[in-house]
There are 2 protein chains.
Amino acid sequence: MGRGRVQMKRIENPVQRQVTFCKRRAGLLKKAKELSVLCDAEIGVFIFSAHGKLYELATKGTMQELIERYGKYTGGPQLPDEPMVEPMDAKKEIGMLKQEIEILQKGLR
Amino acid sequence: MGRGRVQMKRIENPVQRQVTFCKRRAGLLKKAKELSVLCDAEIGVFIFSAHGKLYELATKGTMQELIERYGKYTGGPQLPDEPMVEPMDAKKEIGMLKQEIEILQKGLR
DNA sequence: GCCTATATATAAGA
DNA sequence: TCTTATATATAGGC
């Protein structure tokens with residue numbers, strides 16, 4: 001968008017990169033908020049700039065809460081210092097999942 | 001954008017809401033990737049649809065790693081340099097395998 | 001999902 | 001930063 005096209009690769013000019021970073025970061029967060037409101041979704045976004053600064057957005061509650069929900073969804077606590085349970089069962093589950101993947105892949109052929 | 005303007009509030013029509021959700025979700029993730037590449041940033045995004053389904057993007061490494069970095073940044077040395085152990089990796093792998101299975105299942109339809 | 005017509009985002013420039 | 005010309009995103013309609 002704008003006066004010229006843009007190559008999808010790291011912008012080398014530091015000044016231009018910083019300007020673009022600010023603009024697009026604002027745009028991204030705005031879009032995230034919009035999606036959240038329009039479609040009743042919960043969204044978490046965090047951005048680490050190249051220099052390590054953090055920018056974040058949680059459309060509902062706090063980022064911590066969203067991260068916890070994320071952890072529950074994917075299958076394990078992340079930030080909490082919760083000790084994990086039963087490594088054995090985990091390995092067993094991995095084996096079964098891999099098997100299922102193989103079956104599915106065969107189905108695709 | 002588009003043929004008409006849009007009110008910044010929850011879209012009531014379920015069908016339209018679903019369509020918009022798909023379109024804008026894709027747009028948001030694309031923008032996140034672009035920002036990441038252009039400005040050399042690390043970005044994590046996760047979206048829970050109203051129905052609880054998770055969509056995510058981690059522009060570098062895994063979401064887990066980004067979340068860990070997030071935790072270190074915000075919570076300080078919460079779980080200091082706790083070397084991540086077996087069980088966590090297992091959980092991570094399970095999450096990834098499940099994701100792959102979903103993708104394969106979609107391919108079968 | 002694939003098409004336009006429009007609304008937005010944003011690259012250059014000052 | 002603010003402005004302006006263009007590139008993109010996407011609402012509404014098949």
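Residue numbers begin at 1 in each chain, while the letters A, B, ... track the order of the sequences.
- If you take CZ of B:F21 and P of D:dA11, they are 13 Å apart, rounded to a whole angstrom.
- D:dA11 atom P lies 10 Å from atom CG of A:L35, rounded to whole Å.
- Look at CD on A:Q18: it is 13 Å from C1' on D:dT1, rounded to the nearest Å.
- Side-chain N/O atoms of A:T20 include one lying less than 4.0 angstrom from OP1 or OP2 on C:dA11.
- Between A:Y55 and A:F21, the ring planes are perpendicular. Angles over 60° get that label, and only those under 30° would be called parallel.
- In terms of the side-chain hydrogen bond (donor to acceptor under 3.5 Å, both in side chains) criterion, A:R25 has no residue partners (sequence neighbours excluded).
- With sequence neighbours left out, the side-chain hydrogen bond (donor to acceptor under 3.5 Å, both in side chains) criterion links B:K53 to B:E102.
- Whole-Å rounding puts the A:L28 CG to D:dA9 C1' distance at 14 Å.
- In this structure, the CZ atom of A:R25 is 14 Å from the P atom of C:dA11, given to the nearest Å.
- Counting only distance, with no hydrogens or angles, the side chain of B:R24 and the backbone of A:L35 share no donor-acceptor pair below 3.5 Å.
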Pairs under 3.5 Å (N/O, protein and nucleotides 5-9 of chain C):
unit_1: C:dA5; atom_1: O4'; unit_2: B:R3; atom_2: NE; d: 2.6
unit_1: C:dA5; atom_1: O4'; unit_2: B:R3; atom_2: NH2; d: 3.2
unit_1: C:dT6; atom_1: O4'; unit_2: B:G2; atom_2: O; d: 3.2
unit_1: C:dT6; atom_1: O2; unit_2: B:G2; atom_2: N; d: 2.9
unit_1: C:dA7; atom_1: O4'; unit_2: B:G2; atom_2: N; d: 3.3
unit_1: C:dA7; atom_1: O3'; unit_2: B:M1; atom_2: N; d: 3.4
unit_1: C:dA9; atom_1: OP1; unit_2: A:K30; atom_2: NZ; d: 3.3
unit_1: C:dA9; atom_1: OP2; unit_2: A:K30; atom_2: NZ; d: 2.9
unit_1: C:dA9; atom_1: O3'; unit_2: B:K31; atom_2: NZ; d: 3.3

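- The closest donor-acceptor contact from the side chain of A:T59 to the backbone of A:K33 lies at 3.5 Å or more, if one exists at all.
- Below 30°, between 30° and 60°, or above 60°: for A:F46 and B:F46 the angle between ring planes is above 60°, a perpendicular geometry.
- In terms of phosphate contacts, B:Q16 brings a side-chain nitrogen or oxygen within less than 4.0 Å of OP1 or OP2 of D:dG12.
- Here C:dA11 presents its P atom at 13 Å from CG of A:N13, a figure rounded to the nearest Å.
- One interatomic measurement links the two molecules: CE of A:M8 to C1' of C:dT10, which rounds to 14 Å at whole-angstrom precision.
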